[in-house]
There are 2 protein chains.
Amino acid sequence: MRVSRAQAAANRRRIVTEASRLFRERGYDGVAVADLMKSAGLTHGGFYGHFESKEALMAETCASSGDIRTRWERLTAKRQQPPFQVLVEQYLSPRHRDQPGHGCLFAALSVDTARQTPEVRHAYTGTFRKFADMIADWLPGRRANRRRRALATASSLVGALVLSRAVDDPELSSEILDAVRQQLLGATASATPASSGKPAKE
Amino acid sequence: MRVSRAQAAANRRRIVTEASRLFRERGYDGVAVADLMKSAGLTHGGFYGHFESKEALMAETCASSGDIRTRWERLTAKRQQPPFQVLVEQYLSPRHRDQPGHGCLFAALSVDTARQTPEVRHAYTGTFRKFADMIADWLPGRRANRRRRALATASSLVGALVLSRAVDDPELSSEILDAVRQQLLGATASATPASSGKPAKE
DNA sequence: ATTATCTATAGATCTATAGATAATGC
DNA sequence: ATTATCTATAGATCTATAGATAATGC
């Protein structure tokens, strides 16, 4: 039941990909190593040949989301609108809200991360910096205080998604998303975009 | 080892209070019923005389935070500044960030709540509505779109706190809090308030 | 010979319950 | 007699490891 070196590397990547999805869907404590390995088509015990611990995997998961920018750039390149507008509309879309497993790391795992090991928090922070830098580059309007405005924008986006997922009233949930979209895009915001195209990743 | 009816009621309240703190500090899965009861000075088995399940307690915890407004009103009444300014400054203070157990329910338990039972989500939603209404009443400036602006403000506050707690760099963490404070209060914001007075509850 | 994976299990938890205990309150 | 609490434990998990297995790659 052994496997080639290349196959083993592919298996490892698959474990990270599955973990990334499952952690975001169910939270760190909501995913058992055995479940995860089953999702990846492998057995429980095999996990520890690839990772030192579940926490080490979590750290790698946070770091592996570091290519967010590439994904967002690919997504925005397809559209006519400015990247900032696409980002805000996709991020605050019902689709993104309803697919946490394929969505933003920060909205899904920030609270878990705050209680995690230093390694996990460090990997998370690095990925967050990239996200904030991307927003800063894309901000419309005057160039002053870009960084400050980018951090405020990131907070609004993450807060809105987190709250819209927790609330049990669909109407209130949409209201939260719309409120922040209007705040960030002003009256420019198109009515209800967001339902076409790829799901928003990260 | 029995106890009077009044004492039993007090014990029940103490369990809710302790749970409220522990859940916010460690998350729902991070608190064992046995730990919680020990914190309340009772034994593990006694729990099930008061609550049907751990989830039922979680729901009660969310509902019990419904008196947020009273607490915030008491806190703001002590100050000279307008309530909205006090709210924003206290909410985004390092003190609040560093004491999740005594802080905002939404920043601490939204992600857990999104995966909880309908009962928990419903109780949470009721408490969130009260919070949003309070912000709407306190919003400065023009009266138009109060509700929309209140929801956007709540998102910014919650997002900022969540992110500032997850990040491992104290400087970046403060930068996030400051960015949102400036966004919400404008240049009016005093330099560094936030370190005196009672910890921000809810 | 090396090593990626599998089977089986040790050792810790954790929720919830059953039955005993002892003080309250009719 | 009722009932709030305690002791003890059943039944499920969950992380991590030990040892076996079998295909790869020098």
Side-chain angles (χ1 to χ4, degrees), chain A residues 1-62 109 112-113 115-117 119-120, chain B residues 1-62 109 112-113 115-117 119-120:
Chain A
M1 315 220 163
R2 206 192 148 197
V3 130
S4 77
R5 190 164 284 205
Q7 184 58 252
N11 287 347
R12 189 182 200 281
R13 277 194 301 276
R14 189 144 29 86
I15 296 170
V16 175
T17 305
E18 280 303 298
S20 179
R21 181 176 67 81
L22 291 171
F23 282 153
R24 280 180 286 181
E25 273 174 13
R26 309 182 200 165
Y28 180 79
D29 289 333
V31 181
V33 173
D35 288 347
L36 162 65
M37 291 300 278
K38 196 171 186 179
S39 282
L42 297 165
T43 56
H44 183 178
F47 177 82
Y48 295 90
H50 291 290
F51 303 94
E52 198 175 332
S53 67
K54 188 183 173 188
E55 280 169 348
L57 170 67
M58 173 74 160
E60 192 151 330
T61 285
C62 289
L109 292 173
D112 282 2
T113 297
R115 303 184 194 107
Q116 269 284 353
T117 62
E119 287 75 20
V120 172
Chain B
M1 313 226 164
R2 206 191 148 200
V3 131
S4 79
R5 190 162 285 205
Q7 184 58 251
N11 287 348
R12 189 182 199 283
R13 278 194 302 276
R14 190 143 30 86
I15 296 171
V16 175
T17 306
E18 280 302 298
S20 179
R21 181 176 67 82
L22 290 171
F23 283 153
R24 281 180 285 181
E25 273 174 13
R26 309 182 200 166
Y28 181 77
D29 288 333
V31 181
V33 173
D35 287 349
L36 162 65
M37 291 300 278
K38 196 170 184 181
S39 282
L42 298 165
T43 57
H44 182 178
F47 177 82
Y48 295 89
H50 292 290
F51 303 94
E52 198 176 331
S53 66
K54 189 183 172 187
E55 280 168 350
L57 170 67
M58 174 73 160
E60 192 152 332
T61 286
C62 288
L109 291 173
D112 281 3
T113 297
R115 303 184 195 108
Q116 270 283 352
T117 62
E119 287 74 20
V120 171

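Letters A, B, ... are given to chains in the order of the sequence lines, protein chains preceding strands, and every chain is numbered from 1.
Distance CZ (F47(A)) to P (dC6(C)): 14 Å, rounded to an integer number of Å. Computed from coordinates, the D29(A) CG to dT13(C) P distance equals 14 Å when rounded to whole Å.
Nearest to the side-chain atoms of D35(A) among the listed nucleotides dC14(D), dA16(D), dA4(D) stands dC14(D). Nearest to the side chain of K54(B), among dT15(D), dT15(C), dT3(C), sits dT15(C). In this structure, the nucleotide among dA4(D), dT15(D), dT15(C) sitting nearest to the side chain of A8(B) is dA4(D). Listed nucleotides dT3(D), dT3(C), dT5(C) differ in distance to R5(A); the shortest reach to its side chain belongs to dT3(C).
Across all strands shown, dT3(C) forms a Watson-Crick or G-U wobble pair, both distances under 3.5 Å, with dA22(D). The nucleotide dT13(D) finds its pairing partner in dA12(C), both defining distances of the Watson-Crick or G-U wobble pair being shorter than 3.5 Å.
Inspection of the R24(B) and S20(B) side chains reveals an N or O donor paired with an N or O acceptor under 3.5 Å.
Annotation: of the two residues near DNA chain D, H44(A) and N11(B), the 5′-most nearest-nucleotide partner is N11(B).
Annotation: cation-pi pair K54(B)/F47(B) absent, no NZ/CZ under 6.0 Å from the ring centroid and within 45° of its normal.
Listed pair H50(B) / dT5(D) meets the phosphate criterion, a side-chain N or O lying under 4.0 Å from OP1 or OP2. Considering only side-chain N and O atoms, Y48(A) lies under 4.0 angstrom from the phosphate OP1 or OP2 of dA16(D).
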Tabulate below the donor-acceptor pairs under 3.5 Å that side-chain atoms of residues 29-39 of chain B make, not counting sequence neighbours, or state none.
none

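Within the model, atoms CZ of R13(B) and CD1 of I15(B) stand 11.5 Å from one another, a figure rounded to the nearest 0.5 Å.
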